[in-house]
Structures are given as structure tokens and as C-alpha cells.
Amino acid sequence: MDIASAKQQIKNTVQIYLQKDALGRYRLPLVHQRPIFLLGAPGLGKTAIMQQVADEMGLGLVSYSMTHHTRQSALGLPVIVEKEYGGKHYQVSEYTMSEIIASVYDCMRTTGKTQGILFLDEINCVSETLSPAMLLFLQYKVFGGHQIPEGWVVVTAGNPPRFNKSVREFDAATRDRLKVIEVEPSYEAWKAYALEHGVSRSVISYLDIRPEDFYKVETTVDGLTVVTPRAWEDLSEILQYHEELGLAVSEELTTQYLQNKQVARDFAIYYELYQKYRQAYNIDAILQGVWDEDVLTQARSAKMNERMSLVSLLLEAVFLQMERCTLRHDALRLIVAALKAQRGTLDVPGDALTALAGLEDNWRAEANKAPSARQKVYLDLLSLTAQWHGELSGSTPFAALKACYQRSVADLQAEVAETQKKLGNLLRFLQEAFGKGTELSMAVNDLTVAPVATAFLGQFLSTDYFAASRDLLLHRQSEQLLHQIDLTGLV
């Protein structure tokens, strides 16, 4: 299955394992709570989805790579203790608490979360001396005599032997204690993740055109070649820094991430073309509603690869502005909630700057505890309030902060209106250039599935988007009907 399906299977399993009865006991006995084993090639996102699952389900997460553990660190160190049996005293050996189990308790103390996921990566690379202890752990959740706390679900992961020389194949007894989920690469599943997490549109556009380059781990005459989803995401991150700093992007850079010479060369060439298309079509002017017949002719005469790149460039610009609007909207909601909650202490004479500094300290503390996706909102909030420092004026701190808040709301309303206008211009340009064809369908599809777009459209709406979506649906239905009629021999 693909990584998105695997993620849902993990969430389903965790939900079942954490079910309790009327007495507060876990319904599925611990011995039957098989640890999940994610088996798949490297770079598919197995580790990344664990943080996503924990964040989405409100659970704690403790991650360990088992390749780093010896028998002593996993089980704990032996100690000699004195015990009494039958009236006589004996010295017996026990184990100190496992480093892994101790980390679970540390997570519970620091996060306040009593339920969570213990994720053990590279589980099939454990040392031979640790294997017997792992068998006991997989069935009874015990390391060195210490059991993991109730409410913690064990998830493991590993690579097939052909991808990792350190892998030791599980025997039948070990494998029979696991809930095995085999993960295969899927560009469509990864694209949904990429759209949600801000992967560079140049990468997405290239892979839309060349999906066969999404995943390549193979041995060729040039040796081992490795191109994985992880590589594409890491390359995307570094591309965005290169663009911010005005640094060149060449094959010398792409080969550092895409360890397949042909793929690295092809993407470097495409990236250069992608940037040229940005200038050739004057993307900013199109979004402002300014284009002429020459631009339309250029677009219509372009090959499909160039057309797909053009759609991607237009969407990239609109998505950036949509994200700014939704982040600012969520930031302003946090601000107004804080102002309402603390109005009693703020609506009295005092220093507005000191009051704002106190609020900012609270928001920083909240940000440190928030899921990574939510932290973007706090960063935008603090960026906004930093601009307020020189604008505070009012009879009380509340009045001063309220005035700044109202100006920021007005600024957001203006940016939302501008974004809606640009989206309308984007759709009108594609309709004028290509009609209700593939290009418009691509744009509407991405606007429908991309989380940044759905968040914006759900909050602020867009009559142009809904009209285009409705027209495309009716257009497809009529085409389908004509096709069906043709098949019956009536036309």
C-alpha cells in the first residue's frame, strides 16, 4: 500500500488499541496488541508519518533507531540486589530501567500525555545478542523486566534486505508477533503530502511531467542510484533557500540530492526552464489581469510540458498569497482570544508595550508546545505583533492593542480581496488560452485538493473558483454522456 494508506492503517490500529471499557481498562489485552511493523524501501516517509499520527491524535511520541542500541542500553544494566526467600537472604541480579522505557516516562512527564506511540526504527537491524530480548518485547512489551506504560502503542519500521546490508531477516516466530504493513512508493500519495507541506512547485511540476523519476533505487553500470521522496523533499528545502538568497541552482547541486545522474541532470535543465517560463509569461502581470494576444498565442502554441509548468507557476504565486491570508487569519484569532481573556487586566491604565511583551511571552510558550504545523501560525503572529511595537497608542493597553488589531484585520481583508482577484484572473486566463481543457482541469484539481487552497476557499470563498469547478463538472458530464451515446450507436 502507499504511505497515505499506511498512515491511516496506523491511526486505525492505535485507535483500537487505546479503546477502554466501562471500568477504564484497555479492551484489547496487551498480549494481543501486535506491534505494527512498517516494511518498506528507504526514503518513503515511514518515520515522518509517525510524528504526523502523534500530532493528529494528540499523543506523545518517543522515537528510537535500534541500530544505535546495544543489549545494555536497550535492556538496562544488571545490578545485584538482596532479597529474602523462605527466611533467608540472597543476592540476585536485576536490571536498571531500559533507556527506551525511561524515555517514555520522560515524555509523559514533559508533555503531560499519558498515551502515546513508541516508535522503534530499523527494528530488523538489531544486534544478534539483542534478538532474544526483542522477541520477548514484541509480545509482552517488556525490556529487561520493565514494561512500557499502559496506553503506549509500539510501532516499528525497517527496510527489506535488498536495501540495507545490516538487515537480519525475521524468523517465523518473530514475524508472527507483528502486524506487518508493507509500504510501496506512490507519487500520487506523496503529492498530497507535498502540497500540504509546501514542497517547491518546481519539484511537483517536474514530477507531474516525469512521475517515473519519483522513486529510483537500483544498481546500474554507474553503481547504486538513489532517488527517494526524502531526496525530493530535502532538495525542495534547499531550493527555496537558494531562491531567497539568489544562489544559482545547477546540476552540481541537484546531484547532491538526486543520486541518479540522468534524473539530476533532467531536473536541473527543467528547473532552469521553469524559471525562464516565469519571466517569459510575466506571471505577476497575468495574475493582475494583464495579458495580450501575443501571450495567449505563446501559451496555445506551447508543448504540454510547458503548459503544465505555466499552470504550476500561476498556482505557486496564488498559493503563497493564500497561505499568507490563512496564517494571518489564524494568528488574528489567537490575538482576539487573548485580548478577550485578559481584558480585565488590560483595560486599565498601564504601559501597552509591557502588556504586549507579556502576551508575546505567553504565545512563545504556547508555540513551543504546539504541533509543528501549528507553529507557523505563532511565527506569523509574533511577526505581526513585532510591527505593533511602534504603533501602540491608546488610553489603556487594551485600547492600544485593539486599535492595532483592527488595522491588521483591515489589512487582511484587503489582501484576501487581492488574492480572490488574482485567483479569478488565473482561471480566466486559462479559460481564454486553453478553454475547458486539461490545463484548467489541472488548476481546479490542485485548488480542490491542496490544503492551503482548501483552507483559503473554505474561509474566504471564491465565486470564480466555484464557477469554474461547476462548469468543468458539467462539461465532463456532457462529454461522458456524448461518449455513452456514441457507444450505443445513436450518433
Side-chain angles (χ1 to χ4, degrees), residues 187 191 194-195 198-214 227 231-258 260-323 422-423 425-435 437-443 445-447 450 452-453:
Y187 172 60
K191 182 179 177 180
L195 289 170
V199 170
S200 170
R201 288 296 309 191
S202 61
V203 168
I204 295 173
S205 180
Y206 174 81
L207 291 174
D208 280 340
I209 298 167
R210 301 282 294 274
E212 66 273 15
D213 288 347
F214 171 62
V227 179
W232 285 113
E233 186 172 8
D234 290 346
L235 176 60
S236 167
E237 289 287 332
I238 208 68
L239 285 176
Q240 292 177 52
Y241 282 105
H242 272 248
E243 289 165 6
E244 284 180 19
L245 299 173
L247 302 176
V249 173
S250 63
E251 186 180 339
E252 283 75 14
L253 173 68
T254 60
T255 51
Q256 296 168 29
Y257 294 86
L258 308 174
N260 176 300
K261 290 181 180 179
Q262 189 60 53
V263 174
R265 183 178 301 114
D266 288 348
F267 178 75
I269 294 169
Y270 176 79
Y271 182 84
E272 184 177 352
L273 285 172
Y274 190 81
Q275 301 307 320
K276 287 181 178 178
Y277 294 151
R278 190 192 304 275
Q279 301 302 321
Y281 284 99
N282 198 344
I283 299 300
D284 291 337
I286 291 175
L287 294 177
Q288 293 296 335
V290 179
W291 61 81
D292 55 25
E293 192 59 36
D294 289 343
V295 174
L296 293 173
T297 301
Q298 181 183 0
R300 290 167 186 154
S301 61
K303 294 181 180 179
M304 182 52 69
N305 288 1
E306 184 174 332
R307 294 184 182 193
M308 292 175 70
S309 301
L310 173 58
V311 173
S312 186
L313 283 163
L314 291 166
L315 288 172
E316 177 183 24
V318 171
F319 281 179
L320 285 172
Q321 200 155 344
M322 285 180 166
E323 184 177 31
K422 287 183 176 181
L423 175 57
N425 290 333
L426 181 158
L427 295 170
R428 279 190 290 276
F429 172 78
L430 293 179
Q431 286 181 327
E432 196 172 330
F434 309 113
T438 302
E439 298 78 11
L440 183 62
S441 296
M442 285 174 52
N445 181 67
D446 274 13
L447 287 164
V452 65

Determine whether more than 12 heavy atoms belonging to other residues, nucleotides or ligands lie under 6.0 Å from atom CD of Gln256.
yes
What one should report as the nearest heavy-atom pair of Val203 and Leu239 is CG2-CD1, 4.1 Å
Given the rule in the side-chain hydrogen bond (donor to acceptor under 3.5 Å, both in side chains) test, do Glu237 and Tyr257 qualify, once you have shown the distances and angles that lead to the verdict?
CA-CA 11 Å; Glu237 289 287 332; Tyr257 294 86; over 6 Å; no
Can you tell me how far apart CZ (Arg307) and OG1 (Thr438) are? Round to the nearest 0.5 Å.
8.5 Å
Are Leu235 and Ile238 packed together at the side-chain level, in the sense that at least one heavy-atom pair is separated by less than 4.5 angstrom?
yes
From CA spacing to verdict: side-chain hydrogen bond (donor to acceptor under 3.5 Å, both in side chains), Gln431, Arg428
CA-CA 5 Å; Gln431 286 181 327; Arg428 279 190 290 276; over 6 Å; no
Could you grab the distance from atom CG of Asn425 to atom CD of Glu432, nearest 0.5 Å is fine?
11.0 Å
Taking side chain as C-beta onward, heavy atoms only, is Ser309 less than 4.5 Å from Ile209?
yes
For Gln298 and Ser301, the nearest pair of non-hydrogen atoms, with its separation, is O-OG, 3.1 Å
Side chain Trp232, main chain Phe214, donor-acceptor under 3.5 Å:
yes
Backbone of Glu251 reached by a side-chain donor or acceptor of Thr254 within 3.5 Å
yes
Where is the tightest heavy-atom contact between Ala264 and Leu258, given as atom of each residue plus distance?
CB-O, 3.5 Å
Leu313 side chain reached by Tyr277 side chain, heavy atoms, under 4.5 Å:
yes
Rounded to the nearest 0.5 Å, how far does OG of Ser250 lie from CD1 of Ile269?
12.0 Å
Mark yes or no for whether Asp292, through its side chain, and Val295, through its backbone, hold a donor-acceptor pair below 3.5 Å.
yes
N-O pairing of Glu439 and Arg300 below 4.0 Å
no
For residues Val311 and Leu440, determine if any side-chain heavy atom of one lies less than 4.5 Å from a side-chain heavy atom of the other.
no
Gap separating the OG atom of Ser205 from the CE atom of Met442, nearest 0.5 angstrom:
7.0 Å
Set out, in order, the CA-CA distance, both residues' side-chain angles and the distance that settles side-chain hydrogen bond (donor to acceptor under 3.5 Å, both in side chains) for Asn305 and Tyr270, then state yes or no.
CA-CA 10 Å; Asn305 288 1; Tyr270 176 79; over 6 Å; no
Can you check whether Leu447 reaches Leu315 side chain to side chain, under 4.5 Å on heavy atoms?
yes
I'd like to know if the side chain of Ser236 and the backbone of Ser200 have a donor-acceptor N/O pair within less than 3.5 Å.
yes
When you measure from the side chain of Gln240 to the backbone N and O of Gly198, does any donor-acceptor pair fall under 3.5 Å?
yes
Closest heavy-atom contact between Ile286 and Trp291?
O-CZ3, 3.5 Å
Do you know the tightest heavy-atom contact between Phe429 and Leu296?
CE1-CD2, 3.7 Å
Can you check whether Met322 reaches Leu423 side chain to side chain, under 4.5 Å on heavy atoms?
yes
For Gln262 and Asp266, does a side-chain donor sit closer than 3.5 Å to a side-chain acceptor?
yes
Apply side-chain contact (heavy atoms from CB on, under 4.5 Å) to residues Asp213 and Tyr206 and explain how you reach the verdict.
CA-CA 9 Å; Asp213 288 347; Tyr206 174 81; 2.5 Å; yes
Using side-chain contact (heavy atoms from CB on, under 4.5 Å), reason through Glu316 and Tyr274 one step at a time and then give a plain yes or no.
CA-CA 12 Å; Glu316 177 183 24; Tyr274 190 81; 3.4 Å; yes
How far does NZ of Lys422 sit from CG of Leu427, to the nearest 0.5 angstrom?
14.5 Å
Which atom names give the shortest non-hydrogen contact between Lys191 and Asp446, and what distance separates them?
NZ-OD1, 3.5 Å
With a 4.5 Å limit on heavy-atom distance, are the side chains of Arg201 and Leu195 in contact?
yes
From CA spacing to verdict: side-chain contact (heavy atoms from CB on, under 4.5 Å), Tyr241, Leu247:
CA-CA 8 Å; Tyr241 282 105; Leu247 302 176; over 6 Å; no
Roughly how far apart are Leu273 CG and Lys276 NZ, rounded to 0.5 Å?
6.5 Å
